[in-house]
Amino acid sequence: MPIIPSPSLTVVGAINVDLTARVERAPGPGETVADGILQRGPGGKGANQAVAAARLGAAVRMVGAVGDDLDGRGVRAQFAAIGVDASGVQTADAATGTALIVVDATGENSIVVCAGANAEIDPTALGIHRGAAVLAQLEVSDAVISAAAEAAGFLALNVAPARPLPPGVLERCDLVIANETEYAQLPEVHDAALLCVTLGADGARLYRRGELVASAAGVATTVRNTVGAGDAFCAALVCGLLRGDEPEAALARACAVGAAAVADDASQPALDLLDTYGDPA
Ligand code: ADP
């Protein structure tokens, strides 16, 4: 068996508590549905990606913010239990971020995010070690993203939810990850140094400066909850590339991890070490 080093990764992003209502059919405007079954669990793209990377075997440091409240203390305890270094998690003067999620019987979801502490991260106190490998998303302020990009030695940016990037950040990205909607909304990322476009059940493609360099088919599975799939995928792709996997192999493993994530009820799915997702060659 080859010995594959575990990558070190700093994840910069949002930390939420997810309040998830499972319903047969999501309500339309002005409509009430009354068959909801409530679940409460940890979420936020930053925390989801940090936890997924740790479960896949990386040494992970989380940078973000929670409130000085019960949810914030719960998040810190969860990070400690999983082995995510939370020394970069600030305590902000706002409630811990909360996402209100509705998941219908097909696994499709709609989400309202209440940013709370995530909007209060102090960009001057991120404490990112210079040259660190950083994975970030767009649920935090431009100032935080810019500061993280400035400090990073390797920068992967998941452009979710889609919005214009702060000036200078795209040029610093070693990897951009977008789903099809984000890809359509952000033409400026199409020529990124390395761009991964995820295609849901159809897998993913990797482009270098707009040229297709790898593609991977989706892995058939039972859809339970699509909320954490993109986040687990991002963590797996970044971990694979950081430890030196070939792009094709890293992409195929990430698709297998994404499929495992949609088959799991939780936004932070149970995952095994990255290598257990098979040799895609
Ligand atoms: P997001 O969840 O961010 O909108 P996608 O829907 O493209 O992004 O999903 C991200 C990845 O998760 C996909 O590239 C794929 O690997 C996996 N995935 C998502 N949905 C499915 C599905 N129905 N079946 C198998 N894999 C899936």
Side-chain angles (χ1 to χ4, degrees), residues 11 13-14 16 18 20 26 41 43-53 55-56 99 101-113 135-140 156-163 175-186 189-190 192 194-207 212-241 245 247-272 274 276-278 280:
V11 179
N16 287 333
D18 284 357
T20 304
K45 288 183 193 302
N48 290 352
Q49 294 182 14
V51 166
R55 288 182 169 153
L56 292 168
I101 304 172
V102 176
V103 183
D104 73 14
T106 71
E108 198 49 70
N109 63 73
S110 45
I111 306 177
V112 176
V113 173
L135 169 59
Q137 318 76 32
L138 299 180
E139 284 185 326
V140 293
L157 186 64
N158 174 209
V159 288
R163 65 176 159 88
L175 170 67
V176 173
I177 305 168
N179 68 14
E180 287 174 287
T181 310
E182 293 144 7
Y183 178 80
Q185 287 171 342
L186 295 173
V189 305
H190 293 188
L194 196 60
L195 168 68
C196 177
V197 182
T198 64
L199 309 168
D202 292 332
R205 295 199 185 114
L206 203 57
Y207 300 87
L212 186 69
V213 289
S215 58
V219 176
T221 190
T222 310
V223 178
R224 291 283 306 156
N225 177 10
T226 57
V227 174
D231 294 329
F233 178 98
C234 289
L237 180 63
V238 170
C239 288
L241 292 175
D245 286 358
E248 194 94 27
L251 201 61
R253 278 209 176 85
C255 281
V257 170
V262 292
D264 193 310
D265 273 344
S267 304
Q268 295 183 356
L271 295 170
D272 298 314
L274 189 56
T276 57
Y277 291 91

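Quick caveat: nothing in here was measured; it's all calculated off a predicted structure. Along the sequence shown, residues are numbered consecutively beginning with 1. We count ligands from 1, going down the list as the structure has it; atoms in each ligand are counted the same way.
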Between Arg205 (side chain) and Leu212 (backbone), is there a donor-acceptor pair under 3.5 Å? no
Close-contact set for ligand 1 against Asn179 heavy atoms, below 4.0 Å: 1 (P), 3 (O), 4 (O), 8 (O)
Taking N or O atoms only and a 3.5 Å limit, does Thr221 qualify as a polar contact for ligand 1? no
Give me the atom names and distance for the closest heavy-atom approach of Ala178 to Tyr183. CB-N, 3.9 Å
Per atom 6 (O) of ligand 1, closest listed option by heavy atom (Gly107, Gly218, Gly200): Gly200
Any chance the side chains of Asp18 and Thr20 put a donor and an acceptor closer than 3.5 Å? no
Step by step, work out the side chain to side chain contact (heavy atoms under 4.5 Å, CB included) result for Asp264 and Asn225. CA-CA 6 Å; Asp264 193 310; Asn225 177 10; over 6 Å; no
Could you tell me the residue and atom name of the protein heavy atom closest to atom 16 (O) of ligand 1, and the distance to it rounded to 0.1 Å? Cys255 CA, 3.4 Å
Quick one: nearest non-hydrogen protein atom to atom 8 (O) of ligand 1, plus distance? Thr198 OG1, 3.4 Å
Val219 and ligand 1 - part of the residue with a heavy-atom distance under 4.0 Å: backbone
Distance-minimising heavy-atom pair for Val262 and Ala229: CG1-CB, 3.4 Å
Just which atoms of ligand 1 are under 4.0 Å from any heavy atom in Gly230? 2 (O), 3 (O), 10 (C)
Ile177/Val238 under side chain to side chain contact (heavy atoms under 4.5 Å, CB included): CA gap, chis, key distance, verdict: CA-CA 10 Å; Ile177 305 168; Val238 170; 4.3 Å; yes
Check whether any side-chain heavy atom of Lys45 lies under 4.5 Å from a side-chain heavy atom of Pro161, and answer yes or no. yes
What atoms in ligand 1 come closer than 4.0 Å to a heavy atom of Phe233? 11 (C), 14 (O), 16 (O)
Of the side chain and backbone of Val223, name the one, both, or neither that has a heavy atom under 4.0 Å from an atom of ligand 1. side chain
Interfacing atoms of ligand 1 (cut-off 4.0 Å, heavy-atom, Ala229): 12 (O)
Quick one: which ligand 1 atoms are inside 4.0 Å of a heavy atom on Val262? 19 (C), 20 (N), 21 (C)
For ligand 1, note which part of Leu199 has a heavy atom under 4.0 Å away: side chain, backbone, both or neither. backbone
Checking the side chain of Arg55 only, and the main-chain atoms of Ala232 only, is there a donor and an acceptor separated by less than 3.5 Å? no
Taking distance alone, with N or O pairs closer than 3.5 Å, would you say Gly203 contacts ligand 1? yes
Tell me the closest heavy-atom pair linking Ser215 and Glu248, and the distance in Å. O-OE2, 2.9 Å
